[in-house]
Visitor: 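Handing you this structure, nothing more for now.
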Amino acid sequence: MHDPIHPDFSTYPAMTISELRQRFSEGTLTPAAVLQQLAGRISERDTRTGAYLSYQLDTALAEAERADLSLPLGGIPIAIKDNINTFGLPCSCGSKILAGNYRAPYDATVIRKLRAAGAIPFGRMNMDEFAMGSSTENSALQTTRNPHDPERIAGGSSGGSCAAVADGTAVVALGSDTGGSIRQPASHCGVTGLKPSYGRVSRFGLVAYASSLDQIGPVGTCVEDVARVLQAIAGHDPNDSTSLNAPVPDYLTTVNDGVKGLRLGLPKEYFGDGIDPGVRRLVEAAVAKLAAQGAEIVEISLPHTEFAVATYYVLAPAEASSNLSRFDGIRYGHRAAAPADIPDLYQRSREEGFGPEVKRRIILGTYVLSSGYYEAYYGRAQKVRTLIRRDFEQAFAGVDAILSPVAPTPARKLGGSSVDPLQEYLSDIFTLAPNLAGCCAISVPCGTTAFDGAAALPVGLQIIGPHLGEAMLLRVAKAAE
Ligand code: GLN
């Protein structure tokens with residue numbers, strides 16, 4: 001039988017959702033056969049890549065038997081980042097504090113919606129602990145390697161989701177994005193990843209990192225697959241008061257409309273110093289390609305860009321310090337042995353359960369929220385966030401979408417604890433602001449470049465759209481693809 005998943009990068013992209021559906025309806029392929037082949041590829045390739053924390057073939061095969069192939073995602077397997085609750089399965093968040101004995105007591109809304117669309121959740125994907133990081137090296141459980149070069153990071157925090165799609169061990173995947181965690185690993189792995197607008201997709205059942213920034217989004221080998229998964233998971237959810245009660249457009253009807261006559265903005269602050277020349281060349285070539293298809297390219301300004309990193313790294317840790325207080329050794333996960341008293345139980349459960357980056361964020365977040373510093377840090381960061389949001393509102397008054405790099409460089413080498421956290425935070429410069437502003441944004445592969453001794457590493461083009469502008473975003477992305 002023809003391998004439905006690409007055997008190597010020369011035949012990339014893999015078989016898409018629409019091709020799989022076609023084969024299912026012809027009867028030349030079954031969902032069970034796809035799952036078997038994925039499992040085969042996982043045992044062949046994932047020993048090296050390390051994208052999967054676990055998968056349950058038996059359960060998935062049983063679901064494949066029952067799959068309603070007439071549904072939009074009927075019989076399509078989807079890999080799930082390990083911070084999205086899926087009933088009965090582990091949900092470690094890449095952390096020792098949950099890896100031991102926590103099982104999800106319910107399905108996240110996105111999982112419920114995927115099941116309703118016929119999809120089969122298959123696989124729990126590695127991630128930076130509690131989604132804090134840009135490399136997946138902060139996972140307390142295992143290392144995920146970039147399928148294009150095993151000595152390099154896959155990016156993060158949704159590194160497992162993106163590496164698996166790139167490696168052909170997953171058809172599509174879900175990640176989560178608080179400041180770039182879908183787009184940056186998608187860029188580093190050469191796949192497509194979309195962060196929806198804040199409120200477009202329910203966060204119910206996503207383990208919270210920074211609740212005012214977190215969104216769940218799809219990863220795939222092509223724009224159309226990402227559109228199909230977004231279609232299934234978007235929409236209002238009474239269980240998440242921040243999800244918006246706004247109609248969900250049919251993304252596939254406009255995805256091929258092209259960019260002729262659209263105005264696309266290039267923010268001058270996003271093309272300054274510090275960008276690798278190979279990245280710059282590829283992003284500029286992608287822009288030229290869109291111009292050749294009839295888009296009008298205009299220079300714009302997002303004047304508060306330089307404050308995005310500082311603002312994010314005050315607000316996200318502040319929210320994290322509050323969200324992660326629920327891990328107390330009593331209600332969830334790891335509990336320290338033989339505690340002397342309650343404070344000792346809290347203290348040692350957290351000391352033993354959390355990794356260094358999570359502790360750093362909790363300490364930072366507690367500090368910026370503490371009385372005496374609250375106004376100076378948290379209060380001020382909220383004000384700057386408003387200015388950043390206004391930058392985007394003003395820009396979108398004149399352009400349909402904004403183009404930029406995703407990350408200043410392609411994937412760096414694996415470096416573990418030798419990497420300076422501040423340097424790592426600074427590399428999030430292009431992805432944080434859309435989260436702060438609530439905009440939607442996508443990373444689409446735009447070629448490969450030599451970098452730091454590697455011959456060919458993938459680079460992504462970031463397209464940023466206005467709030468709830470996913471249809472426009474996907475349309476521009478399809479033209480750039
Ligand atoms: N790298 C950023 C952080 O560490 C973003 C992570 C994310 O989007 N979850 O917070």
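Since the structure is predicted, the reported quantities are computational estimates derived from the model, not experimental observations. Atoms within each ligand, like the ligands themselves, are counted from 1 in listed order.
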Visitor: Knowing that exactly one of Asn85, Leu89, Leu114 qualifies, which makes a side-chain contact (heavy atoms from CB on, under 4.5 Å) with Ile80?
Guide: Leu114

Visitor: Side chain, backbone, both or neither: which part of Thr178 comes within less than 4.0 Å of ligand 1 when only heavy atoms are counted?
Guide: both

Visitor: Considering the heavy atoms of Tyr209, write down every atom of ligand 1 situated less than 4.0 Å from one of them.
Guide: 3 (C), 9 (N), 10 (O)

Visitor: Considering only heavy atoms of Ser157, which atoms of ligand 1 have at least one such atom less than 4.0 Å away?
Guide: 9 (N)

Visitor: Compute the minimum heavy-atom distance from Gln184 to ligand 1 and say whether it is under 4.0 Å.
Guide: no

Visitor: For residues Thr109 and Arg203, is any side-chain donor paired with an opposing acceptor at under 3.5 Å?
Guide: no

Visitor: Regarding ligand 1, does Gly179 bring an N or O atom to under 3.5 Å of one of the ligand's N or O atoms?
Guide: yes

Visitor: Give the ring-plane orientation class for Tyr373 versus Tyr377, where under 30° counts as parallel, over 60° as perpendicular and anything between as tilted.
Guide: tilted

Visitor: Under a 4.0 Å N-O cut-off, is there an ion pair linking Asp107 with Arg115?
Guide: yes

Visitor: Any N or O of Ala131 that comes nearer than 3.5 Å to an N or O of ligand 1?
Guide: yes

Visitor: Among all protein heavy atoms, pick out the one at the shortest distance from atom 5 (C) of ligand 1; state its residue, atom name and that distance to 0.1 Å.
Guide: Tyr312 OH, 3.3 Å

Visitor: Which protein non-hydrogen atom lies closest to atom 9 (N) of ligand 1, naming both residue and atom, and how far is it?
Guide: Ser181 OG, 2.6 Å

Visitor: Show which atoms of ligand 1 fall inside a sub-4.0 Å distance from at least one heavy-atom site of Met132.
Guide: 4 (O)

Visitor: Would you check the N or O atoms of Ser176, main chain and side chain alike, for any that come under 3.5 Å of an N or O of ligand 1?
Guide: no

Visitor: Thinking salt bridges, do Arg228 and Glu224 make one under a 4.0 Å N-O criterion?
Guide: yes

Visitor: Counting only heavy atoms, tell me which of Ser134, Gly175, Gly155 gets closest to atom 1 (N) of ligand 1.
Guide: Ser134

Visitor: Starting from atom 3 (C) of ligand 1, locate the nearest protein heavy atom and write down its residue, its atom name and how far away it is, to 0.1 Å.
Guide: Tyr313 OH, 3.3 Å

Visitor: In terms of atom number and element, which parts of ligand 1 are under 4.0 angstrom from non-hydrogen atoms of Arg361?
Guide: 3 (C), 4 (O), 10 (O)

Visitor: Report the relative orientation of the aromatic rings in Phe327 and Phe130; use parallel for angles under 30°, tilted for 30 to 60°, perpendicular for over 60°.
Guide: tilted

Visitor: Tell me, please: is Ala316 in heavy-atom contact with ligand 1, that is, under 4.0 Å?
Guide: no

Visitor: Among Ser95, Ser92, Ser157, which residue satisfies the side chain to side chain donor-acceptor pair (under 3.5 Å) criterion with Glu129?
Guide: Ser95

Visitor: Checking Gln462 against Arg183: is there a side-chain donor and acceptor pair closer than 3.5 Å?
Guide: yes

Visitor: Without hydrogens or angle criteria, can the side chains of Asp82 and Asn126 be said to hold a donor-acceptor pair below 3.5 Å?
Guide: no

